[in-house]
Protein chains: 2
Amino acid sequence: MVLDLMHDHDNLTENDCKMTVGIKDVARAAGVSVATVSRALGGGPVSEELRKKVEAAVAATGYLPNLSARRLRSQHSHTIGLIVSDIRNPFFTAVSRAVEDAAYAVGMRVILCNTDENPQKEAMYLRLMQEERVTGVIFAPTRATAQKLDPHQLGFPVVLIDRAAPPGQTDAVVLDNAEAASLLVEHLLAQGYRRIGGLFGNTSTTGAERHAGVVAAMQQHGLQAEARFIAPTPEAAEQAVRDWLREPVQPEALIASNGLVLLGMLRGARAAGVSIPAQLALAGFDNDNWTELAGPGLTVIEQPVYDIGRTAMKMLLERLEDPARSARKVVLSGRLIARGSTAQPIAAHAGQQGAEPR
Amino acid sequence: MVLDLMHDHDNLTENDCKMTVGIKDVARAAGVSVATVSRALGGGPVSEELRKKVEAAVAATGYLPNLSARRLRSQHSHTIGLIVSDIRNPFFTAVSRAVEDAAYAVGMRVILCNTDENPQKEAMYLRLMQEERVTGVIFAPTRATAQKLDPHQLGFPVVLIDRAAPPGQTDAVVLDNAEAASLLVEHLLAQGYRRIGGLFGNTSTTGAERHAGVVAAMQQHGLQAEARFIAPTPEAAEQAVRDWLREPVQPEALIASNGLVLLGMLRGARAAGVSIPAQLALAGFDNDNWTELAGPGLTVIEQPVYDIGRTAMKMLLERLEDPARSARKVVLSGRLIARGSTAQPIAAHAGQQGAEPR
DNA sequence: GATGGCATTGAAAACGATTACATAATTGCT
DNA sequence: AGCAATTATGTAATCGTTTTCAATGCCATC
């Protein structure tokens with residue numbers, strides 16, 4: 001009672017100049033201690049009676065918890081980092097959306113970082129994640145960084161997406177690149193193409209793995225694939241294709257190691273004036289919106305993009321529950337979507353069982 | 001000296017069990033006070049000599065600042081919120097990248113939120129922003145929320161993007177929708193189209209403004225436009241087009257109020273088997289990747305997407321510097337990119353100066 | 001030679017929450 | 001009835017910084 005009077009007095013002088021209402025003010029308004037307020041809000045052991053009082057006081061005062069203070073004291077940031085090369089790559093856009101949905105669903109925040117495939121930016125952002133004391137990180141590293149990545153050094157768990165690290169080191173969720181590449185190659189071979197080439201990104205393990213998969217699948221048929229490695233951008237891919245198509249010996253079909261490269265490929269082919277698939281077949285990864293609509297439709301491997309993000313988040317949460325468990329790699333399968341860009345070339349000319357296409 | 005010995009002893013017993021190294025440890029290692037370390041790190045007035053010592057101690061201890069603590073004490077979150085309907089919309093993807101670039105460049109973090117055009121989620125995320133004590137928010141609100149938005153109530157400045165609020169209330173950076181719509185209409189008319197319809201998103205002011213722009217431009221020529229309002233998704237747009245094309249009287253040209261709607265339109269037109277532009281011309285907003293490559297190429301208004309994000313961030317920073325200055329609305333111009341989807345329909349049949357096309 | 005101003009430094013308070021610990025009240029058990 | 005165990009609550013310490021405030025030393029000035 002005496003206390004209440006004192007506080008009322010305080011209110012008269014203080015209330016007007018107080019900028020933000022804190023847990024203290026709620027406690028005063030509810031006539032309880034700050035600890036009780038904290039417990040009521042955090043689901044601790046509080047009698048129903050006081051809980052009601054606190055809730056009323058919260059509503060009355062318009063209290064909003066200060067997440068920075070909460071994080072500092074509880075040593076729990078409820079924040080994860082998502083580090084990708086460029087959110088404008090539709091693959092990462094979709095993954096990002098899945099990660100964010102899953103994160104918000106369990107009350108976590110997401111900090112998104114774009115590295116532009118630049119190891120320096122990767123290092124900078126990893127450091128930033130440490131300063132943020134993030135709970136964990138979902139990361140699509142460049143090859144350079146993936147090799148020297150030591151998750152135990154970082155202080156938080158890491159789940160790799162799209163790109164793998166040395167086996168057994170880190171949790172990861174990736175596409176079965178060998179399988180996917182094989183699907184593409186087998187499809188192209190079945191359609192009658194033999195001289196198959198490819199453009200692969202040179203910054204990630206993914207580009208390398210998809211290349212290896214193509215090579216392996218071709219070898220099974222006693223064939224060779226000519227591969228070129230480029231920066232994984234539409235611009236680089238377009239230039240590479242234009243150059244390639246000016247050379248004396250040209251490919252019958254071209255495989256792109258991701259959506260951006262495929263986009264550049266198509267642009268390059270158009271610029272060179274070759275018709276698809278009559279003069280050149282095209283296939284690649286990522287079932288982006290435009291692939292269905294461009295030209296005759298582009299044959300692609302569809303990745304389970306949303307699943308990848310959701311699974312990555314799930315693995316991160318599992319890892320947090322059991323930091324000791326051994327590293328896992330989840331390998332998801334892609335689906336071949338055959339479209340006009342790899343239609344049978346011979347169909348345009350003659351019958352369909354030509355012995356030696358072109 | 002004596003102190004140093006003591007500290008060495010401390011290190012022996014403490015170092016092993018200390019989880020994280022804080023500013024205190026740095027101070028001890030450098031032989032200065034915590035205040036000096038803080039000042040050395042924050043650029044305060046510190047002698048060159050001590051600054052060196054502190055830097056050495058930071059390197060030696062592997063100190064990493066705790067951003068939560070910093071934010072709590074300094075009352076400055078260095079964080080902004082970016083609230084959009086769906087990051088998978090390429091328009092928002094691009095804007096988001098620009099915002100993030102600009103934010104990181106001035107040492108700020110970005111929290112990204114997807115509302116799915118759902119006012120409830122908008123309210124939830126705005127509240128979250130308050131709890132995060134964000135420095136400011138960049139927001140593309142639904143029409144419903146835009147109307148009842150009171151930035152003074154929120155406690156942080158807001159810059160609207162893509163969508164406007166009641167004039168004079170809030171900073172905003174938007175496209176000149178009337179001008180852009182007029183560009184599209186004039187182009188279609190010049191190409192010989194007369195019976196022009198449109199599909200417009202029904203959740204944002206943008207859809208409404210673009211509709212108004214089309215209507216106004218048509219009226220200038222004594223013509224009417226038939227408009228339909230739909231959820232701004234490819235699915236809704238596809239369905240709407242399929243329905244429309246089954247009706248007795250059909251449009252010669254269709255305008256889409258954004259990239260997603262345009263995408264659905266094209267799908268719907270394809271599904272209905274109409275050829276573009278011979279039977280139906282298509283035009284819309286957002287120069288997304290696929291619009292150049294799909295079918296004959298789609299005529300669109302290109303928005304300065306990166307500029308929009310960068311400008312929004314700039315306005316937010318200016319607003320932070322001068323909270324009192326009056327609200328500003330930056331209106332950027334779109335650029336018409338004419339492509340095959342609006343080629344002259346008569347060219348397909350006969351000469352090009354037909355009096356009454358179709 | 002005392003005084004005032006300036007620049008540098010340290011001690012301690014503060015930011016706004018959570019949580020360890022102590023206390024009081026209630027319950028269950030013998 | 002008495003004692004241990006359990007529960008609800010309050011007090012105070014704590015998280016890791018920044019910032020206020022006072023103290024120190026130095027120089028120039030009168």
Side-chain angles (χ1 to χ4, degrees), chain A residues 2-4 7 14 17-54 57-58 61-79 107 130-135 155, chain B residues 3 7 14 17-54 57-58 61-79 107 130-133 155:
Chain A
V2 176
L3 282 175
D4 276 345
H7 296 325
E14 277 187 13
C17 56
K18 262 286 236 183
M19 296 270 57
T20 65
V21 19
I23 205 177
K24 236 171 185 164
D25 308 285
V26 176
R28 192 178 306 164
V32 301
S33 75
V34 293
T36 301
V37 176
S38 176
R39 282 189 277 255
L41 266 45
V46 177
S47 69
E48 204 48 43
E49 185 197 348
L50 290 194
R51 187 182 303 276
K52 292 273 187 210
K53 267 195 190 172
V54 169
V58 165
T61 56
Y63 166 77
L64 286 167
N66 182 319
L67 295 187
S68 290
R70 192 171 276 181
R71 285 200 261 263
L72 171 60
R73 174 60 236 225
S74 69
Q75 302 285 71
H76 205 302
S77 68
H78 284 284
T79 300
Q130 296 185 287
E131 300 188 351
E132 291 278 4
R133 304 293 194 271
V134 292
T135 309
Chain B
L3 282 175
H7 296 326
E14 277 187 13
C17 57
K18 262 287 235 182
M19 296 271 56
T20 64
V21 21
I23 207 177
K24 236 170 185 164
D25 308 284
V26 176
R28 192 177 306 162
V32 300
S33 73
V34 292
T36 301
V37 175
S38 176
R39 281 190 277 253
L41 266 46
V46 177
S47 68
E48 204 48 42
E49 185 197 348
L50 289 194
R51 188 182 302 277
K52 293 272 187 209
K53 268 195 191 172
V54 169
V58 164
T61 56
Y63 166 77
L64 285 166
N66 182 319
L67 295 188
S68 290
R70 192 171 275 182
R71 284 199 262 262
L72 170 60
R73 173 60 235 222
S74 69
Q75 301 287 72
H76 204 303
S77 69
H78 284 283
T79 300
Q130 296 184 288
E131 300 188 352
E132 291 278 3
R133 303 295 195 267

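Each chain gets a letter, A, B and so on, in the order the sequences are listed, and its residues count up from 1.
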Just the atom pairs and distances: protein N or O near nucleotides 24-28 of chain C's N or O, under 3.5 Å.
none

Quiz item: Given dA17(C), is OP1 or OP2 found less than 4.0 Å from the side-chain N or O atoms of Y63(A)?
Solution: yes

Quiz item: 5'-most contact on DNA chain D: V34(B) or S74(A), nearest heavy atom basis?
Solution: S74(A)

Quiz item: Residues in salt bridge (charged side-chain N to carboxylate O under 4.0 Å, His left out) with E49(B), at least two apart?
Solution: none

Quiz item: Between Q75(A) and dT14(D), does any side-chain N or O lie under 4.0 Å from OP1 or OP2?
Solution: no

Quiz item: What is the distance from NE2 of H76(A) to C1' of dG16(C), rounded to the nearest Å?
Solution: 19 Å

Quiz item: Can you list the residues that meet the salt bridge (charged side-chain N to carboxylate O under 4.0 Å, His left out) rule with R39(A), with sequence neighbours excluded?
Solution: none

Quiz item: Which angle, to the nearest 10 degrees, lies between the helix axes at the two ends of the helix from dG1(C)-dC30(D) to dT30(C)-dA1(D), each defined by five pairs?
Solution: 50°

Quiz prompt | Minimum heavy-atom distance between V54(A) and A40(A), given as atom pair plus value | solution = CG1-CB, 3.8 Å

Self-check item: Residues forming a side chain to side chain contact (heavy atoms under 4.5 Å, CB included) with T61(A), sequence neighbours excluded
Solution: V21(A), V26(A), A29(A), Y63(A)

Quiz item: Between S38(B) and dT17(D), does any side-chain N or O lie under 4.0 Å from OP1 or OP2?
Solution: no

Practice problem: For DNA chain D, determine which residues of residues 40-53 of chain A have any heavy atom closer than 4.0 angstrom to one of its atoms, and list them numerically. | Solution: P45(A), V46(A), S47(A), L50(A)

Quiz item: Is the phosphate of dT9(C), meaning OP1 or OP2, less than 4.0 Å from a side-chain N or O of T36(B)?
Solution: no

Quiz prompt | Pairing residues for S33(A) by the side-chain hydrogen bond (donor to acceptor under 3.5 Å, both in side chains) criterion, not counting sequence neighbours | solution = T36(A)

Quiz item: When rounded to the nearest 0.5 angstrom, what is the spacing between CG in L67(B) and OG1 in T79(B)?
Solution: 8.5 Å

Self-check item: Summary of side chain to side chain donor-acceptor pair (under 3.5 Å) pairs that have at least one residue in residues 69-78 of chain B, sequence neighbours excluded
Solution: E132(A)-R71(B), S77(B)-T135(B)

Self-check item: Phosphate OP1/OP2 of dG16(D): any S68(B) side-chain N/O under 4.0 Å
Solution: no

Exercise. Let me know the distance between CG of D25(B) and P of dC15(D), rounded to the nearest Å.
Key: 11 Å

Quiz prompt | Closest non-hydrogen atom pair, V46(B) against R51(B) | solution = O-NH2, 3.5 Å

Practice problem: Would you mind reporting whether N66(B) and R133(A) have side-chain heavy atoms less than 4.5 Å apart? | Solution: yes

Quiz item: Is there a side-chain contact between V32(A) and V37(A) (heavy atoms, below 4.5 Å)?
Solution: yes

With the criterion being N/O to N/O and under 3.5 Å, what pairs connect the protein with nucleotides 20-24 of chain D, and how long is each?
none

Quiz item: How many Å lie between CZ on R133(B) and P on dT17(D), as a whole number?
Solution: 21 Å

Quiz item: What is the distance from CD of Q130(A) to C1' of dG16(D), rounded to the nearest Å?
Solution: 17 Å

Practice problem: Round to the nearest Å and state the distance from K24(B) atom NZ to dT14(D) atom C1'. | Solution: 9 Å

Quiz prompt | Interatomic distance where NE2 belongs to H78(B) and P belongs to dT18(D) [whole Å] | solution = 10 Å

Quiz prompt | Interatomic distance where CD belongs to E132(B) and C1' belongs to dA17(C) [whole Å] | solution = 14 Å

Self-check item: Check: S38(B) and I23(B) side chains under 4.5 Å, non-hydrogen atoms
Solution: yes

Practice problem: Calculate the interatomic distance between R28(A) atom CZ and dG10(D) atom C1'; express it in whole Å. | Solution: 16 Å

